[in-house]
2 protein chains.
Amino acid sequence: MSTSKKLPLNSILQGDCIELMNSLPEKSVDMIFADPPYNMQLSGELRRPDDSHVDAVDDHWDQFESFAVYDAFTEEWLAAAQRVLKDDGTLWVIGSYHNIFRVGAKLQDLGFWILNDVIWRKTNPMPNFRGTRFTNAHETLIWCSKDRNAKGMTFNYDALKVMNDDIQMRSDWLLPICSGGERLKVDGEKAHTTQKPEALLYRILTAATNQGDVVLDPFFGSGTTGAVARKLGRNYIGLEREEKYIKVAKERIRKVQPLSPENLEVTTSKRQEPRVPFGSVVERGLLSAGQVLFDSRKRYRARVRADGSLVASDISGSIHKVGARLQGASSCNGWTFWHFDAEGQSVSIDVLRQQVRAEMN
Amino acid sequence: MSTSKKLPLNSILQGDCIELMNSLPEKSVDMIFADPPYNMQLSGELRRPDDSHVDAVDDHWDQFESFAVYDAFTEEWLAAAQRVLKDDGTLWVIGSYHNIFRVGAKLQDLGFWILNDVIWRKTNPMPNFRGTRFTNAHETLIWCSKDRNAKGMTFNYDALKVMNDDIQMRSDWLLPICSGGERLKVDGEKAHTTQKPEALLYRILTAATNQGDVVLDPFFGSGTTGAVARKLGRNYIGLEREEKYIKVAKERIRKVQPLSPENLEVTTSKRQEPRVPFGSVVERGLLSAGQVLFDSRKRYRARVRADGSLVASDISGSIHKVGARLQGASSCNGWTFWHFDAEGQSVSIDVLRQQVRAEMN
DNA sequence: ACACGTGCTGAATCCGGAA
DNA sequence: ATTCCGGATTCAGCACGTG
């Protein structure tokens with residue numbers, strides 16, 4: 001399967017994603033994250049109860065003549081994706097009820113093998129303003145391997161478990177939508193109508209790739225995949241048709257500070273009986289990997305890693321475990337033991353736990 | 001459209017659901033809940049970490065030769081369902097990633113119009129024993145109308161909102177799986193491998209049907225739909241091939257104590273209250289022509305004319321139109337916008353509407 | 001500095017009956 | 001089938017301005 005073509009790592013290629021994927025060497029990428037057009041079929045405008053206007057996704061790239069046209073498009077890009085994927089690679093697709101059933105059926109038809117469907121539950125979805133439906137509060141992701149018999153796909157089970165309070169990570173993920181400072185703007189307007197939150201890609205890349213892996217995003221848009229890939233020490237290849245999105249994405253990714261390799265080490269195998277409800281704080285960016293924690297008397301120090309584990313000299317593990325080991329104690333409540341520096345102030349990480357709980361209600 | 005056939009209300013018909021649906025009069029049922037075979041493609045047996053055997057769904061009725069066979073089956077039962085459904089009826093289907101994408105695509109192809117997809121999040125899902133996937137912690141439901149232009153579907157928005165602490169019900173529902181005393185047993189073994197929890201049907205029937213409605217379940221199984229329908233004062237029709245399930249279901253439903261009608265009344269929408277024209281308020285002398293109305297902040301004024309229209313400077317028209325025009329809004333609820341002076345107190349004219357309604361019954 | 005209120009916004013298939 | 005119009009309808013998060 002070797003090929004003379006070299007992969008255009010950490011760059012964005014402009015053009016049609018199907019042609020571009022077909023121009024890349026086959027079996028060359030470790031993971032594909034795809035956020036294709038949803039083919040929303042909106043009719044008329046929508047207003048909030050306060051009579052303000054809802055800025056809908058009515059971009060030309062989301063318009064298809066019929067299901068048949070959308071299906072043909074879906075089949076083409078999925079087939080191209082299957083070709084460039086390594087035999088042990090995986091594909092992630094995100095969508096809503098408008099398109100995800102069609103995408104899911106088509107990828108099964110092509111021989112992809114579904115590993116999980118994952119629900120992104122939004123903490124802050126747009127309500128149903130007319131009171132005629134349930135709040136459309138989630139989107140669906142499909143995670144699949146190249147075919148039924150594929151082996152060796154990356155799944156960092158233990159890292160995800162640590163990120164989730166030492167409980168096996170479920171198929172429903174609660175995360176906020178992309179808003180506030182994270183939302184890219186150009187001249188005060190949304191740079192892209194459907195920018196995804198970095199926390200979502202953070203979890204996906206942590207779960208299904210390793211350092212140095214190649215991640216392809218055929219619908220690159222504002223470049224969330226690239227930004228998170230760079231932060232997490234993965235290589236990205238972005239495909240995008242529109243010049244304006246490429247410009248925004250390049251600028252965005254340039255500003256990303258990659259985490260250092262030692263902070264990217266995640267829990268790989270059986271851990272030593274830890275109790276860790278700390279991963280979501282890191283995932284949500286309330287603390288970042290590399291941050292140094294210390295106890296209230298500043299006798300001990302430890303460093304945060306990407307999966308929410310701590311490292312101090314030759315010890316690593318959950319916030320509880322490391323706290324206990326350092327003190328020579330049999331147990332320790334890491335939440336109250338560890339502190340971080342916030343503008344000169346020593347603040348307990350328990351404050352962050354409150355914050356996450358508040359968000360999760 | 002009329003037919004001489006009478007509906008077999010509150011009974012279970014034995015046989016093939018497609019034939020049976022086609023034998024029922026068309027446009028005759030208000031809602032269909034369908035829990036079709038998931039077509040799980042299991043290979044080999046599954047064991048827990050303690051080496052105990054997992055009792056998997058390996059029933060003969062869940063086996064299909066290929067996606068094509070499953071799709072053909074899906075198309076047939078969906079088409080039959082579409083036929084028996086009233087024009088303002090809705091269909092609910094539940095499935096997992098094994099089948100739901102195929103079902104969703106097919107129902108879109110048949111012209112059903114998706115209203116929501118709903119995620120049933122399980123509080124107590126079976127873990128992934130191998131540590132190779134995310135915990136498969138949810139199932140997906142699709143709620144759809146008969147076609148894109150369907151109108152008048154039942155959705156008890158206000159009732160659901162009250163059920164959810166006065167916050168609009170979201171598309172993700174957290175409910176336990178069916179276990180414990182609710183789980184039907186025969187000779188100590190599960191009576192049916194995929195029995196659904198009554199709480200799930202309770203929410204669905206409360207949301208999308210009214211008392212006295214006819215609910216059809218083409219894959220009746222152990223009869224959860226029938227049990228909850230009876231409890232909630234809905235009529236059910238169950239279709240089931242297997243004698244053993246019918247026996248269990250009949251016995252189960254017989255034991256159900258229906259709730260009394262007054263306990264079944266749910267919060268209703270303002271939309272369902274009788275319309276009162278503003279003119280009748282004037283007609284009845286609750287307000288008289290010449291009276292001056294104003295908004296709550298007293299920024300706008302208008303005068304009532306004899307026919308129930310308002311005048312403000314050069315604008316005249318209904319209470320709604322004048323309110324909208326004055327504010328520069330696209331619409332306005334005149335009933336809540338306008339106030340009048342009653343002995344120094346500012347009173348909403350909506351009070352007068354209530355008065356008329358009270359007099360009307 | 002901190003509390004509080006106001007305003008804006010987010011992948012949305014978002015009304016129904018009478019004329 | 002199309003138009004008109006009465007009148008019902010929103011949650012969480014963040015930015016910003018005021019006290």
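Lettering follows sequence order; numbering is per chain, from 1. Just so you know, these numbers come straight off a predicted model, no measurement behind them.
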List the atom pairs, donor and acceptor, that lie under 3.5 Å between side-chain atoms in residues 267-275 of chain B and the rest of the protein, sequence neighbours left out.
| residue | atom | partner | partner atom | Å |
| --- | --- | --- | --- | --- |
| Ser269(B) | OG | Arg271(B) | N | 2.8 |
| Arg271(B) | NH2 | Arg130(A) | O | 2.9 |
| Glu273(B) | OE1 | Arg357(B) | NH1 | 2.8 |

Gly95(A) near the nucleic acid: base, sugar-phosphate alone, or nothing, with a heavy-atom cut-off under 4.0 Å? nothing

Separation of atom CZ in Phe64(A) from atom P in dA11(C), rounded to whole Å: 19 Å

Non-neighbouring partners of Asp58(A) that pass side chain to side chain donor-acceptor pair (under 3.5 Å), sequence neighbours left out: none

Starting from C1' on dA12(C), measure out to CD on Glu139(A) and report it in whole angstrom. 11 Å

Would a line drawn from the ring center of Trp92(B) to the ring center of Trp143(B) be shorter than 6.0 Å? yes

Taking only the side-chain heavy atoms of Asn124(A) (C-beta and beyond), determine which of dA12(C), dA12(D), dC15(C) contains the nearest atom. dA12(D)

For the pair made of CG in Asn39(A) and P in dA12(C), what is the distance, rounded to whole Å? 15 Å

For Trp335(B) together with Phe278(B), are the ring centres under 6.0 Å from each other? yes

May I have the distance from Asp58(A) (atom CG) to dA12(C) (atom P), rounded to whole angstrom? 11 Å

What residue pairs, at least two apart or across chains, pass salt bridge (Lys or Arg N to Asp or Glu O under 4.0 Å) with a residue in residues 296-313 of chain B? Asp295(B)-Arg299(B)

dC14(C) and dG7(D): how far apart are their P atoms, nearest whole angstrom? 23 Å

In whole Å, measure the gap between the C1' atoms of dC8(C) and dT10(D) for me. 13 Å

Rounding to an integer number of Å, can you tell me how far Leu175(A) CG sits from dG10(C) P? 19 Å

Closest-nucleotide mapping onto DNA chain C: is Ile177(A) or Arg133(A) further toward the 5' terminus? I mean the 5' end. Ile177(A)

Going 5' to 3' along nucleotides 2-9 of chain D, which nucleotides have protein heavy atoms under 4.0 Å from the base (write B), which only from the sugar-phosphate (write S), and which from neither (write -)? ----SBBB

So, using salt bridge (charged side-chain N to carboxylate O under 4.0 Å, His left out) as the criterion, who are the partners of Glu75(B) when residues are at least two apart? Lys106(B)

So Pro197(A), base contact, sugar-phosphate only, or nothing? Heavy-atom distance under 4.0 Å. nothing

Rounded to whole angstrom units, what separation is found between the NE2 atom of His53(A) and the C1' atom of dC14(C)? 13 Å

Nucleotide dC15(C), atom P - distance to CG of Asn156(B) in whole Å: 17 Å

note: Phe219(A), atom CZ; dA11(C), atom C1'; distance rounded to Å ~ 15 Å

Test of understanding: with ring pair (Phe, Tyr, Trp, His ring centres under 6.0 Å), list the residues that count as partners of Phe112(B), not counting sequence neighbours. none

Can you tell which of dA12(C), dG13(D), dT9(C) lies closest to the side chain of Thr123(A)? dG13(D)

Using atom C1' of each nucleotide, how far apart are dA1(C) and dG19(D) to the nearest Å? 12 Å

Report the secondary structure of DNA chain C in dot-bracket form, marking unpaired bases with a dot and bases paired to a different strand with |, and treating Watson-Crick or G-U pairs with both distances under 3.5 Å as paired. .|||||||||....|||||

Under the side chain to side chain donor-acceptor pair (under 3.5 Å) test, which residues partner Tyr236(A), sequence neighbours left out? none

Classify the nucleic acid contact of Asp35(A) as base, sugar-phosphate or nothing, counting any heavy atom under 4.0 Å across all strands shown. base

Think Arg102(A) forms a cation-pi with Tyr70(A), using NZ or CZ under 6.0 Å from the six-ring centre and within 45 degrees of its axis? no

So if I take residues 182-194 of chain A and measure heavy-atom distances to DNA chain C, which residues fall below 4.0 Å? Arg183(A), Lys190(A), Thr193(A), Thr194(A)

Taking side chain to side chain donor-acceptor pair (under 3.5 Å) as the definition, give me every residue that meets it alongside Asn136(A), ordered by chain and number, with sequence neighbours left out. none

Could you list the donor-acceptor pairs under 3.5 angstrom formed by side chains in residues 314-326 of chain B, with sequence neighbours left out?
| residue | atom | partner | partner atom | Å |
| --- | --- | --- | --- | --- |
| Ser318(B) | OG | His320(B) | N | 3.3 |
| Ser318(B) | OG | Lys321(B) | N | 3.0 |
| His320(B) | ND1 | Gly334(B) | N | 2.9 |

Does any pair with a residue in residues 347-356 of chain B pass side-chain hydrogen bond (donor to acceptor under 3.5 Å, both in side chains), and if so which ones, sequence neighbours excluded? Asp350(B)-Arg353(B)

